[in-house]
2 protein chains.
Amino acid sequence: MSLPHAILTALLEKPSSGLELTRRFDKSIGFFWPATHQQIYRELGRLEASGHIRALQPSGPVRGQKKEYEVLSEGRAELARWTAEGDAPRAVREPLLLRLRAAAVVGTDGLAAELQRHLTLHRAQLDDYLEIERHDFPVEAADGENRLQHAVLRAGIGLEAFWVQWLAETIEALPSDRP
Amino acid sequence: MSLPHAILTALLEKPSSGLELTRRFDKSIGFFWPATHQQIYRELGRLEASGHIRALQPSGPVRGQKKEYEVLSEGRAELARWTAEGDAPRAVREPLLLRLRAAAVVGTDGLAAELQRHLTLHRAQLDDYLEIERHDFPVEAADGENRLQHAVLRAGIGLEAFWVQWLAETIEALPSDRP
DNA sequence: TTACCCATGTAATAAGTTACATGATTTG
DNA sequence: CAAATCATGTAACTTATTACATGGGTAA
């Protein structure tokens, strides 16, 4: 039940249409909770039906017409409630790790290339995050209003840095490297 | 499509019944791909139907009777195929990070306690992993047959260590800490 | 013999993915 | 006006979660 709350957060930061939300997800909240435009439209419909948000232009819902949404007080209350709520940390669910376990049984063919490919991807993502940090959280304005957003970005940076390091180590230690 | 391959890997390591698989998932493969017994039974049924595995006791499938499965050569081939296959790294999807973003908008009530709770959980998981490492991968037998399994465990250790550090930093920097 | 655990399963729901459909607006 | 793009949606399918059902064995 996280997607509706991710959407409420995004809409509180700035009222938007479905497609605008999709774009913003692709480069912000979606780093930690990806969603396609189909999911977002479906969820916007539900949030509107439950009175958490409303469309700004009350004109007839014509297909192909942009529809902006804003959060109502009920939506804000629901988001505050959810924010204080607790849950267990999410498990990892990374298929690459399963592939390593499988490779221990059926052989490591193709594994080195796959690890290398992931390393490249994670390095690129890490660079993206660091660029965002340089741009949005410059050192001279350290820790102002947006301490929380910065903490979230730091999590992304830390996770990518971990993967980069682990992949490099694991590639190094792979049997095929030592004939 | 990872669960069937996780099950094939587990069954190759050791033929098991559904409930035994569930138990083993809870303390091994399931760290990186959790599954409930319902998921596992369903998937075992599919794998049997598609000829990848077979039940050992061919007696009538009586409800409540233990049923052991083993992997057939088709299943091993399928697992090898999948292992060499590639896919994109999984996104993070951690609701706690969404809560931080939400808290930046609706307030940080309850957030510190939740971060503290996660810190405790991640510390415990890290300790569990380190204990497993001490037990299963002692330094004197460094890097033998099970280099790959060790790499997977190292990933778990690295991820938990990251969360412990990030949570400690973030709790420290939380506004409510400085009145 | 009741209660508990082992073991396998069904059903319903929610969430996520993939493919496709449709209208409006801009641009060559 | 044809093609591309913006924008909103439907439909079908797969995966994951939650709750419940059923039967067998064992021990208080």
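The chains referred to below are lettered A, B, ... by the order of the sequence lines, with proteins before strands, and numbering in each begins at 1.
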J.: NE2 of B:His37 versus P of D:dC20: gap in Å, rounded?
T.: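 After rounding, the reported distance stands at 13 Å.
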
J.: D:dT15 C1' sits how many Å from A:Leu98 CG, rounded?
T.: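 Atom CG in A:Leu98 sits about 15 Å away from atom C1' in D:dT15.
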
J.: Distance check: side-chain N/O of B:Lys66 vs OP1/OP2 of D:dG24, anything under 4.0 Å?
T.: no

J.: Can you tell me the distance, in whole Å, between the OH atom of A:Tyr41 and the C1' atom of D:dC6?
T.: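 Whole-Å distance recorded here is 9 Å.
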
J.: Counting only heavy atoms from other residues, nucleotides and ligands, does the tally under 6.0 Å from CZ of B:Arg93 exceed 12?
T.: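 Yes, the 6.0 Å shell around CZ holds more than 12 heavy atoms from other groups.
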
J.: Examine D:dA16: is either OP1 or OP2 under 4.0 Å from a nitrogen or oxygen in the side chain of B:Thr36? Give yes or no.
T.: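 Answer is no, no contact under 4.0 Å.
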
J.: Taking atom types as modelled, find out whether A:Gln165 and A:Glu169 have a side-chain donor-acceptor pair closer than 3.5 angstrom.
T.: yes

J.: Send over the distance from B:Glu43 CD to C:dT10 P, rounded to a whole Å.
T.: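 Taking CD of B:Glu43 and P of C:dT10, I get 14 Å after rounding.
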
J.: Rounded to the nearest Å, what distance is computed from the CD1 atom of residue B:Ile7 to the P atom of nucleotide C:dT8?
T.: 13 Å

J.: What is the distance, to the nearest angstrom, from the CD atom on B:Gln38 to the P atom on C:dG9?
T.: 12 Å

J.: Would you say the base of C:dG16 and the side-chain of A:Arg42 have a donor-acceptor pair closer than 3.5 Å?
T.: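 By the distance-only test, yes, there is a pair.
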
J.: Of all heavy-atom pairs between A:Asp26 and A:Phe31, which one has the smallest distance, and what is that distance?
T.: O-CE2, 3.8 Å

J.: Looking only at side-chain N and O atoms, does B:Gln39 come under 4.0 Å of OP1 or OP2 in D:dT17?
T.: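 Checking B:Gln39 against D:dT17: at least one side-chain N or O falls below 4.0 Å of OP1 or OP2.
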
J.: Respond yes when some side-chain nitrogen or oxygen of B:Arg93 is under 4.0 Å from OP1 or OP2 of C:dA15, and no when none is.
T.: no

J.: Strictly below 4.0 Å, N to O, side chains only: are A:Lys66 and A:Glu20 in salt-bridge contact?
T.: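 Salt bridge between A:Lys66 and A:Glu20, a charged N being under 4.0 Å from a carboxylate O: yes.
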
J.: If I take atom CG in residue B:Leu47 and atom P in nucleotide C:dG9, what distance separates them, rounded to the nearest angstrom?
T.: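 In whole Å, C:dG9 P and B:Leu47 CG are 13 Å from each other.
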
J.: According to a strict under-4.0 Å criterion, is A:Arg23 in side-chain N/O contact with OP1 or OP2 of D:dT5?
T.: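 No, because none of the side-chain N or O atoms of A:Arg23 sits under 4.0 Å from OP1 or OP2 of D:dT5.
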
J.: If every non-hydrogen atom of B:Arg99 is compared with every non-hydrogen atom of A:Trp82, which pair is closest and at what distance?
T.: NH1-O, 2.5 Å

J.: Given atom CG of A:Leu19 and atom P of D:dT5, what is their separation to the nearest angstrom?
T.: 14 Å

J.: Can you tell which of C:dA7, D:dA16, C:dG16 lies closest to the side chain of A:Leu3?
T.: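 Closest nucleotide to the A:Leu3 side chain: C:dG16.
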
